[in-house]
There are 2 protein chains.
Amino acid sequence: MARPRKPLLSRDRIVEAAGALVDTEGLEAVSTRRLAAALGVSGPSLYNHFRTKDEILDAVADAVSARVDLSMFDGGGTDWRGALHAWAHSYRDALADHPNIVPVLARGPGRRPAGLRLADVVFGAMTAAGWPPAQATRIGALMRYFILGSAVASFARGFVDDRTAYDPADYPHLGQAHLLAERGREVDEGAFETGLTALLDGLGLQYEALKETA
Amino acid sequence: MARPRKPLLSRDRIVEAAGALVDTEGLEAVSTRRLAAALGVSGPSLYNHFRTKDEILDAVADAVSARVDLSMFDGGGTDWRGALHAWAHSYRDALADHPNIVPVLARGPGRRPAGLRLADVVFGAMTAAGWPPAQATRIGALMRYFILGSAVASFARGFVDDRTAYDPADYPHLGQAHLLAERGREVDEGAFETGLTALLDGLGLQYEALKETA
DNA sequence: ACCTGAACACCGTTCAAGT
DNA sequence: ACCTGAACACCGTTCAAGT
């Protein structure tokens with residue numbers, strides 16, 4: 001075929017196909033050859049548009065970050081608690097839609113524009129709300145820990161759906177751990193909300209202490 | 001050589017060598033052939049002791065989990081807050097010593113004995129302290145999110161040490177983001193302690209509310 | 001039982017060749 | 001500029017052969 005008069009590929013088409021492959025078959029199932037086949041081209045063609053396979057996966061991860069709502073930080077920052085709460089849920093929802101790419105996302109904002117923008121907006125909103133810069137940095141980091149942690153370390157997904165794996169003699173309190181795989185979504189959603197509320201309540205206490213000494 | 005009269009390998013030797021390789025060269029650098037070479041055998045020999053490469057990595061991850069201190073939960077459970085605080089730090093320290101294996105650990109307790117034991121002990125201690133079972137499950141999950149998240153989504157490790165990657169026009173608040181890679185440890189430690197304190201403070205409020213209605 | 005080399009079906013990536 | 005097939009240096013895993 002050689003060069004077609006109209007390009008067969010584009011970065012966007014590649015990212016879209018890679019995202020679909022990650023979602024349906026998992027991160028480990030993505031190879032350059034399989035991805036290329038899904039796009040109707042041969043493996044090396046991808047290298048005309050991306051330098052490495054990792055760059056493609058970074059772009060897929062960034063597309064997920066880009067779908068996180070940030071509009072709640074527009075207001076100028078009086079209700080920083082409410083904004084963080086809404087943002088955390090939007091972030092979590094985006095990750096829940098594409099759980100297989102989360103390990104790539106967790107590698108850090110790196111050079112991904114949407115990931116950086118997200119960190120930037122949160123930092124800006126917290127300083128605008130009156131948090132000192134060092135604390136604003138910490139809040140951005142700890143929210144990141146909790147939200148990405150909830151996606152990457154999902155409690156339920158971690159248990160095996162096989163009761164022989166959990167002998168009550170070894171784990172007296174996990175007798176029904178095999179139930180967790182079934183009820184996984186409930187546990188993860190409850191734990192996320194409980195943790196998020198606790199986190200924001202605790203930060204609220206620190207914020208009050210901050211305002212008193214000021 | 002064929003079969004030696006004394007086995008060249010054992011599961012423990014393989015896990016130890018794999019852990020060292022993960023620590024020094026990273027998860028992606030571990031191949032069965034490289035690991036076997038480090039042990040002075042040929043690649044397929046490993047399959048006499050483990051069924052897959054993933055099982056070897058799971059064993060490495062479990063060895064890290066096994067080093068997390070759980071003794072703070074022995075007391076019967078009056079000071080559940082203090083116990084969680086000490087445990088979280090012990091857990092984080094163990095992960096910080098072996099950051100490259102964390103993605104494997106985050107896959108969940110699965111069938112790894114030490115990971116299961118850890119989940120079991122925390123659940124038992126929380127119920128002993130008076131938390132209802134559903135809440136105890138959530139606390140185990142949310143602590144896991146935060147602690148594994150802090151290791152896998154380390155804020156500082158995520159930024160690139162190259163200031164050209166962060167144009168101030170794009171990210172007005174990240175002007176000094178390139179500094180974060182250098183000061184990374186400080187940021188991560190501060191964020192971890194701030195978040196952990198907030199989390200425990202917030203749970204403390206929920207615990208008080210629980211006792212009042214009881 | 002536990003090791004070996006050969007072999008299978010894959011990888012990511014490079015590169016000269018084609019238009 | 002953008003695609004191709006061939007090729008390189010790897011993979012994880014299986015298996016018959018050796019002791």
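Note on naming: letters A, B, ... go to the chains in the order of the sequence lines (proteins, then strands), and numbering restarts at 1 for each one. This one's a predicted model, so the numbers in the text were calculated from it and none came from an experiment.
- Distance from the side chain of Lys53(A) is smallest for dG12(C) among the nucleotides dG5(C), dG12(C), dT13(D).
- Remark: the Asp69(A) side chain and the Tyr91(A) side chain contain no N/O donor-acceptor pair separated by less than 3.5 Å.
- Listed nucleotides dT4(D), dC3(C), dG12(D) differ in distance to Pro7(B); the shortest reach to its side chain belongs to dC3(C).
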**Complete:** Symbol by symbol from the 5' end, with Watson-Crick or G-U pairs under 3.5 Å, [ ] crossing and | another strand, DNA chain D is ||.|||||...|||||.||
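- Nearest to the side-chain atoms of His49(B) among the listed nucleotides dC15(D), dT4(D), dC2(C) stands dC2(C).
- In this structure, Glu55(A) places its CD atom where more than 12 heavy-atom neighbours from other residues, nucleotides or ligands lie under 6.0 Å away.
- As judged by a 4.0 angstrom heavy-atom cut-off over every strand, Arg33(A) is placed among the base-contacting residues.
- Regarding contacts with the backbone of dC2(D), every side-chain N or O of Ser45(A) stays at 4.0 angstrom or more from both OP1 and OP2.
- Residue contacts shown for Ser31(B) are limited to sugar-phosphate atoms, with no base heavy atom under 4.0 Å away.
- The distance between atom CG of Leu35(B) and atom P of dC10(D), rounded to the nearest whole Å, is 17 Å.
- Leu57(A) places its CG atom 12 Å from the C1' atom of dG12(C), with the value rounded to the nearest Å.
- Taking the six-membered ring where the residue is Trp, the centroids of Tyr145(A) and Tyr145(B) are separated by 6.0 Å or more.
- Counting to the nearest Å, the P atom of dC3(D) and the CG atom of Asn48(A) are 6 Å from each other.
- In this model, the phosphate group of dT13(C) is not approached by any side-chain N or O of Thr32(A) to a distance below 4.0 Å at OP1 or OP2.
- Counting non-hydrogen atoms of other residues, nucleotides and ligands closer than 6.0 Å to CD of Glu16(A) gives a total of 12 or fewer.
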**Asked** Passes salt bridge (charged side-chain N to carboxylate O under 4.0 Å, His left out), Glu193(B) versus Arg138(A)? Steps please.
**Response** CA-CA 9 Å; Glu193(B) 187 56 41; Arg138(A) 287 182 191 155; over 6 Å; no
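- Note that CG of Asn100(B) and CD of Glu28(B) are 10.0 Å apart. Values are rounded to the nearest 0.5 Å.
- When rounded to the nearest whole Å, the span between CG of Leu46(B) and P of dC11(D) equals 13 Å.
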